[in-house]
Amino acid sequence: MSDSSADTGESSNFIRDIIDADLASGKVSTVVTRFPPEPNGYLHIGHAKSICLNFGIARDYNGYCNLRFDDTNPEKEEQEYIDSIRRDVEWLGFKWHSNPFASDYFDQLYDYAIGLIKQGKAYVDSQSADEIRANRGTLKTPGVDGPYRNRSIEENLQLFEAMKNDEFADGEHVLRAKIDMQSPNINMRDPVLYRIRHVTHHNTGDKWCIYPLYDFTHGLSDAIEGVTHSLCTLEFEDHRPLYDWILDNLETPSRPEQTEFARLQLEYSLTSKRKLNALVTEGHVSGWDDPRMLTISGMRRRGFTPESIANFCDMIGITKKYSTIEMGVLETALRDDLNTRAVRRMAVINPLKVVIENYPEDQEEVFSGANHPQNPDYGSREVPFAREIYIERDDFMEDAPRKFFRLSPGREVRLRFACYITCKEVVKNAAGEIESLICTYDPESRGGSSPDGRKVKGTIHWVSARHAVAATVNLYDRLFTVPNPGAAQDFHQALNPDSRIVMDNAMLEPSIELTDNPLAYQFERLGYFISDYDSTSEKPIFNRTMTLRDSWAKIEQSR
RNA sequence: UGGGCCGUCGCCAAGUGGUAAGGCACCAGGUUUUGAUCCUGGCAUUCGUUGGUUCGAAUCCAGCCGGCCCAGCCA
């Protein structure tokens with residue numbers, strides 16, 4: 001099994017090394033993992049890293065992975081988030097073994113707490129939150145024992161039951177582990193295990209008025225489920241001694257092991273739930289699924305594929321090192337996948353009319369265009385052609401530099417799949433703006449090559465004016481202008497004002513289809529596009545998923 | 001001397017005592033009816049730093065430097 005990572009082409013990492021060793025030593029026979037989100041927000045690209053890790057490991061080692069909702073804080077959790085999380089995990093292509101709530105274990109957890117009390121390892125503390133904080137000490141000074149620390153087991157049992165039986169108000173008491181108030185690790189200074197909260201829980205309703213905290217719940221939930229490898233992010237490293245303490249002091253069905261890895265940080269983006277929420281509620285984006293958001297639902301709407309996200313996760317690896325991934329890595333993972341699957345079409349986003357004066361007004365014909373230049377299995381479609389066409393405004397320059405391969409007065413270009421045209425005249429309006437172009441075509445060049453074999457360096461895309469379908473096209477760019485908006489004093493300052501540009505006069509080739517399950521298209525020379533949810537046949541809307549690599553833009557920039 | 005963790009190319013990342021994989025980015029060529037794709041070549045005498053051990057060190061030891069996390073009745 002240790003070479004299973006090689007079988008899937010995935011790179012190994014230190015966690016897979018640990019699993020290989022556990023399997024080899026016989027410590028573990030079936031690998032069980034879990035992805036444990038709190039249902040208090042939408043999943044984002046950072047979660048995708050964890051999902052691919054946990055579900056990927058379960059898949060590669062023939063084990064299984066649970067989707068567990070860590071719902072121990074009833075104040076923040078909602079059904080909307082539960083639904084979206086399930087949808088996103090499924091969309092990413094993963095199947096969970098079971099999908100429990102941590103709250104399903106509240107009864108067992110309560111019994112475990114009693115077990116701790118009976119051993120004299122947990123006690124009810126009646127100090128206020130402020131007093132508890134004060135007695136906890138600081139990072140550099142030890143804490144001190146509180147006045148309730150040595151209550152008898154009997155009294156603790158009575159009090160804890162009374163807490164459960166709704167005999168106290170919020171905050172009157174908490175249950176604490178009795179560990180060591182002088183510990184250098186603050187998490188071990190008698191951590192709170194249960195608090196009183198008179199709040200209706202999305203799953204357990206009003207059954208409980210006491211709720212366990214993460215540290216008490218997590219390891220026990222893992223143990224109940226038979227999780228062998230509990231993978232979490234680096235900030236929980238300090239919690240591992242507590243995770244172990246709980247499991248070492250209680251008899252559980254299994255003994256999971258926690259291992260930490262570095263969370264994802266991506267340039268030009270935010271993954272803080274609080275800040276993502278601010279973007280939504282303040283209206284800087286249209287919602288959690290705005291195509292500019294790196295939420296799973298935003299990326300789906302933008303046109304990312306599950307495969308491209310998995311590719312990305314494979315590319316960045318798993319380590320304990322704090323790192324920031326460049327956007328280029330995500331872009332490459334996306335382009336690689338889209339390049340192989342996207343069907344090619346022509347569309348003009350910013351149209352400039354071209355009249356081919358030597359092409360008869362009442363004539364039209366059809367050219368054949370391959371749906372994919374490298375993959376003949378994709379077949380071809382017919383592309384209608386007539387006297388008036390649209391080309392991209394960017395593909396014409398009145399005073400063009402020598403390295404500009406496109407159209408300019410007197411120069412000849414190839415219309416993709418069609419023929420050669422030469423620009424004869426520029427038509428301007430009163431304001432001096434270019435209104436249209438008058439060109440001639442070479443009838444000998446039908447299909448895109450001429451018998452004399454002359455070289456035409458430039459090939460541009462086009463759409464027949466009479467056959468074109470009008471559409472709106474959303475051009476998306478990164479949401480922030482700085483590599484680390486999360487570090488800015490105010491991330492609002494870093495918002496990119498041009499992150500969305502609406503082109504409402506785009507012209508599409510008529511063979512472009514709108515379906516319920518939208519197809520990834522490449523609009524040739526422009527990028528990858530996908531039909532938006534709001535698209536209708538009367539008013540097609542396309543989102544630009546990603547541009548093509550553009551070495552001409554690079555040359556221009558460096559000039 | 002609070003505790004924990006981390007430092008290998010611009011960004012990621014293999015490497016587990018035998019003489020620095022790979023990807024992204026970048027540069028230079030080639031193919032091309034997408035300035036796309038694809039292909040070829042280039043890109044760390046050196047692994048935060050200083051010492052030590054060793055025939056041999058990114059890997060072992062010690063010191064130093066730098067970065068991140070922890071004082072919720074959040075997760």
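What you see below is based on every heavy atom in this structure, not just the backbone, and it leaves out hydrogens, waters and symmetry mates.
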Counting only Watson-Crick pairs (N1-N3 plus N6-O4 or O6-N4) and G-U wobbles (N1-O2, O6-N3), all under 3.5 Å, who is the partner of [N]?
N     : answer
B:A75 : none
B:A62 : B:U50
B:G2  : B:C70
B:G35 : none
B:U40 : B:A28

Query raised in the report: Is the CZ atom of A:Arg411 crowded by more than 12 outside heavy atoms at less than 6.0 Å?
Result: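 Yes, the 6.0 Å shell around CZ holds more than 12 heavy atoms from other groups.
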
Requested in this report: Inspect the surroundings of NZ in A:Lys457 and state if more than 12 heavy atoms from other residues, nucleotides or ligands are less than 6.0 Å away.
Outcome: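 Atom NZ in A:Lys457 is not crowded, with 12 or fewer foreign heavy atoms closer than 6.0 Å.
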
Requested in this report: Would you give a per-nucleotide map of nucleotides 39-44 of chain B, 5' to 3', where B means the base has a protein non-hydrogen atom under 4.0 Å away, S means only the sugar-phosphate does, and - means neither?
Outcome: ------

Query raised in the report: When you check every protein heavy atom under 4.0 Å of nucleotides 23-31 of chain B, what one-letter string (B, S, -) results, 5' to 3'?
Result: SSSS-----

Please produce a list of atom pairs where a protein N or O lies less than 3.5 Å from an N or O of nucleotides 66-69 of chain B.
| residue | atom | partner | partner atom | Å |
| --- | --- | --- | --- | --- |
| B:C68 | O2' | A:Tyr322 | OH | 3.0 |

Quick check for you: among [options], whose closest atom lies nearest to any side-chain atom of [X]?
X        : options             : value
A:Ser323 : B:A13, B:C74, B:G35 : B:A13
A:Asn187 : B:A36, B:C12, B:C70 : B:C70
A:Pro184 : B:G3, B:C73, B:C12  : B:G3
A:Arg136 : B:G72, B:A36, B:G35 : B:G72
A:Glu38  : B:C74, B:G35, B:G2  : B:C74
A:His239 : B:G35, B:A75, B:U34 : B:A75

Report task. Return the set of residues passing salt bridge (charged side-chain N to carboxylate O under 4.0 Å, His left out) with A:Arg416 (not counting sequence neighbours), or none when no residue passes. Result ->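 Salt bridge (charged side-chain N to carboxylate O under 4.0 Å, His left out) list for A:Arg416, sorted by chain: A:Glu524.
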
Not counting sequence neighbours, which residues clear side chain to side chain contact (heavy atoms under 4.5 Å, CB included) with [X]? List them please.
X        : result
A:Ala134 : none
A:Ala333 : A:Asn311, A:Phe312, A:Met315
A:Pro39  : A:Phe69, A:Asp71, A:Glu77, A:Tyr81, A:Ile82, A:Ile85
A:Asp377 : A:Asn375

At under 4.0 Å between heavy atoms, what does [X] touch on the DNA or RNA strands: base, sugar-phosphate, or nothing?
X        : result
A:Leu175 : nothing
A:Lys457 : nothing
A:Asn40  : nothing
A:Thr340 : nothing
A:Val174 : base
A:Tyr528 : nothing
A:Ile460 : nothing
A:Arg189 : nothing

[X] vs [Y] side-chain heavy atoms within contact, under 4.5 Å:
X        : Y        : result
A:Val383 : A:Val366 : no
A:Thr72  : A:Tyr211 : no
A:Arg345 : A:Arg381 : yes

Between [X] and [N], does any side-chain N or O lie under 4.0 Å from OP1 or OP2?
X        : N     : result
A:Arg133 : B:G72 : yes
A:Thr319 : B:A13 : yes
A:Arg341 : B:U37 : no
A:Lys321 : B:A13 : yes

Query raised in the report: Heavy atom of residues 67-80 of chain A under 4.0 Å from RNA chain B: which residues?
Result: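 Contacts with RNA chain B under 4.0 Å: A:Asp70, A:Thr72, A:Asn73, A:Lys76.
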
Within this structure, what is the [atom1]-to-[atom2] distance between [X] and [N], rounded to whole angstrom?
X        : N     : atom1 : atom2 : value
A:Ile316 : B:G22 : CD1   : C1'   : 16 Å
A:His47  : B:A75 : NE2   : P     : 15 Å
A:Leu276 : B:A75 : CG    : C1'   : 16 Å
A:Tyr268 : B:C11 : OH    : P     : 13 Å
A:Gln182 : B:G3  : CD    : P     : 15 Å
A:Arg416 : B:U32 : CZ    : C1'   : 9 Å
A:Met327 : B:C11 : CE    : P     : 17 Å
A:Glu260 : B:C70 : CD    : C1'   : 13 Å

Run the ring-ring contact (aromatic ring centres under 6.0 Å, His included) test against [X] and tell me which residues pass, sequence neighbours left out.
X        : value
A:Phe367 : A:Phe385
A:Tyr194 : A:Phe160, A:Phe216
A:Phe304 : none

Query - salt bridge (charged side-chain N to carboxylate O under 4.0 Å, His left out) partner of A:Asp125, chosen from A:Arg176, A:Lys178, A:Arg189, A:Arg195 - result: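 Per the salt bridge (charged side-chain N to carboxylate O under 4.0 Å, His left out) rule, the option paired with A:Asp125 is A:Arg176, out of A:Arg176, A:Lys178, A:Arg189, A:Arg195.
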
Requested in this report: Specify whether A:Phe236 and A:His239 have parallel, tilted or perpendicular ring planes, treating 30° as the upper limit for parallel and 60° as the lower limit for perpendicular.
Outcome: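 Rings of A:Phe236 and A:His239: perpendicular, as their planes differ by over 60°.
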
Query raised in the report: Is the aromatic ring centre of A:Trp552 closer than 5.5 Å to the centre of the six-membered base ring of B:G35, with the two planes inclined by less than 30°?
Result: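 Aromatic stack with B:G35 present for A:Trp552.
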
Query raised in the report: More 5' along RNA chain B: A:Ala418 or A:Pro36, using each one's nearest nucleotide?
Result: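 Its nearest nucleotide lies further toward 5', so the answer is A:Ala418.
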
Query - 5' precedence on RNA chain B between A:Leu526 and A:Ser128 (nearest-nucleotide basis) - result: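 Final value for this comparison: A:Leu526.
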
Under 3.5 Å side-chain donor-acceptor pair for [X] and [Y]:
X        : Y        : result
A:Asp452 : A:Ser450 : yes
A:Arg344 : A:His461 : no
A:Asp88  : A:Tyr42  : no

Report task. Indicate syn or anti for B:G72, taking the glycosidic torsion and treating anything within 90° of 0 as syn. Result ->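 Here B:G72 takes the syn form, which means its glycosidic angle is within 90° of 0.
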
